[in-house]
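The model shown is predicted, which means the values in this text are computed figures rather than measured ones. We name chains A, B, ... by the order of the sequence lines, and we start the count at 1 in each one.
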Amino acid sequence: MMRSLMAITAREFGGYFATPLAFVFIIVFLLANGLATFYLGAYFEMGQADLTSFFMFHPWLYLFFLPAISMRLWAEERRNGSIELLLTLPVPLTAVVIGKYIAALAFSALALALTFPIWVTVNYLGQPDNGVIFASYIGSLMLAGGYLAIGSCLSALTRNQVIAFVISVVVCFLFTVSGAPLVLEIFDGWAPQALIETLASFSLLTHFRAITGGVIDMRDVMFFATLIGVFLTATVIVVDMKKGEGA
Amino acid sequence: MIEVEHLVKKFGDFTAVADLSFTVERGQVMGFLGPNGAGKSTTMKMITGFLRPTSGTARIMGLDICDDMLAAQRHFGYLPEGAPAWPDMTPRAFLQFITRIRGLDKAAARAAEGRAIEMTELHGVLDQPIDTLSKGYRRRVGLAQAIVHDPDVLVMDEPTDGLDPNQKFQVRRAITDMAADKAIIISTHILEEVDAVCAAAMIIDRGQIVAEGTPSELAARSRYSGAVTLTLASEKLPAARDILKAVPHRAAELVTRGDESTLHIFAPEGGEPGALLADLRARVGEAGLAPRALALETGRLDDVFGALTGKARPAAASFDAGQEGSA
Ligand SMILES: Nc1ncnc2c1ncn2[C@@H]1O[C@H](COP(=O)(O)OP(=O)(O)O)[C@@H](O)[C@H]1O
Ligand SMILES: [Mg+2]
């Protein structure tokens, strides 16, 4: 199981770099991060030596960048028929699902790691709290993991990557805005507090913000772990269900 | 060996495979024959665990594909229809991935890859992305992937589809070479392929077996089996008619192609085809007809196939009842 899982991850990860698309993706991701931080986040004007304005855009940047990675996970295999090869090899379906997911996560982690110059810069300019920055990077990776798990499941539903992308953006968006202050304010005052809290607690944004505050709380970690577990299990179920339908 | 038991696959209300049962023993190459849409690929997808049967099951080396899927999958190699692969990979990386997944250790894997590359003659393209390869090479990459771990069972869906005659010959030879110690099932809609590689064949149509047996047994079911074929220049037809008047026969049919005509002459009820042939040979010789061919038919697979699957060849005109055959 472990061995085939690693073989699947390695093949999949290598697949990202088979075309220049991966490099284009990473460059655009880094540029978008830079633009968001410096223009929208007004990094310099803040005059603070921290990366708050860098991390605060991650949920919104990931909303578009990560479905672009996850959309191909299964849809692509279906389109070119290789899924028939993959699912008739003696590998447990769970290993295939996790192996592919880990490759996507590793690729996102790489893109995230390549934002290190901004960390170097902030340390050069002042004395930031590197503990908070480290926690934020961990939080950002967990956030990416959540989006990718959702995207994996939705990619398994279709052979069309564009459809996989669009529905992933929509679903990830819903899982994000449910914790945005703007949305919660709509409910504020008339809806029971418990409902608002439940709504917010299902949001990746809420838990991401908690971690980027600098404390890695087990409850937030558990949230992401559960979310990822649920959507990867759903991926297994969807792929298995399609074996019965014949798609 | 492969045991298929009452396999059924329904897509909604549509029954693609209806209660299929058969067995393929070690050392046997089974040809799975049928027109497009007959259910060949669907059956193979169920045998290999890609599709879940609506009912029934298949066993690979005694292992049930539904209950014991992974164990069963270790024992076969599968070439899916169209030989899918990951287009960005090179054949070398592809084969290495497969041997790794199949759990071969390093040394065994390199040896196995070498053997598969040898058999499918992939040396020249090992480091070229698969999507830049010609159709023939891509098919051979798929074949290499299926045989690399030297499986007991091979399932191949149209292994020679889209290949040129030379490549077809090579793939068939590779299959025949491996046949001795494996149970092999290949699907095809090319009849000559069955003759070339299969010890046993099964004709399926609309998800059901309509005939099975050795290729020659199947061919013998042709209505032309035992008929005498006489091919001659069309201008000699009147002379042939005179001869036929003197020879007892049940029926005769005429097919004309250009200036060449072929007569299929059937022995009378209870009569010996051999006697008919001898009689005709003597008289044709006497009349100096100089036939281009005069022989006994052993039967034709394409005729059986056509008759059973409702795609009969254009009917030959009757050459009896005194009317002149069209020339
Ligand atoms: N996933 C599917 N959904 C619905 N119908 C299908 C599906 N796969 C195959 N079929 C139908 O089942 C029949 C058999 O198909 P197939 O097994 O591919 O035939 P063959 O391989 O003999 O050409 C065809 O009519 C085909 O349209
Ligand atoms: Mg087919």
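Each of B:K45, B:R52, B:M69, B:R74 has some count of heavy-atom pairs under 4.5 Å with chain A, and the biggest count is that of B:R52. Contacts with chain A were tallied for B:P87, B:G82, B:G103; B:G103 has the most, counting heavy-atom pairs under 4.5 Å. Of the listed residues A:P90, A:G15, A:G81, A:S4, the one with more heavy-atom pairs under 4.5 angstrom with chain B than any other is A:P90.
Between A:I69 and A:Y16, the closest side-chain pair of non-hydrogen atoms falls below 4.5 Å.
In this structure, the portion of B:Q145 lying under 4.5 Å from any heavy atom of chain A is its side chain and not its backbone. In this structure, the portion of A:E77 lying under 4.5 Å from any heavy atom of chain B is its side chain and not its backbone. With a 4.5 angstrom heavy-atom cutoff, B:M89 touches chain A only via side-chain atoms. Contact of A:A10 with chain B is made through the side chain alone, with heavy-atom distances under 4.5 Å. Proximity to chain A is limited to the side chain of B:I98, based on heavy atoms less than 4.5 angstrom apart. Contacts between A:L5 and chain B at a heavy-atom distance below 4.5 Å are absent for every atom of the residue.
Using a 30° and 60° split on the angle between ring planes, A:F208 and A:H58 fall in the parallel class, below 30°. The aromatic rings of A:F55 and A:Y137 sit perpendicular to each other, their planes meeting at more than 60°, with 30° as the lower class boundary. The aromatic rings of A:F25 and A:F107 are tilted relative to each other, their planes meeting at an angle between 30° and 60°.
In this structure, the separation between CD1 on B:I47 and OG1 on B:T57 is 10.0 Å, given to the nearest 0.5 Å.
Between B:R115 and B:E118 no salt bridge is recorded (no basic side-chain N to carboxylate O distance below 4.0 Å).
Seen from the ring of B:F97, B:R100 does not count as a face-on cation partner, given the 6.0 Å and 45° thresholds.
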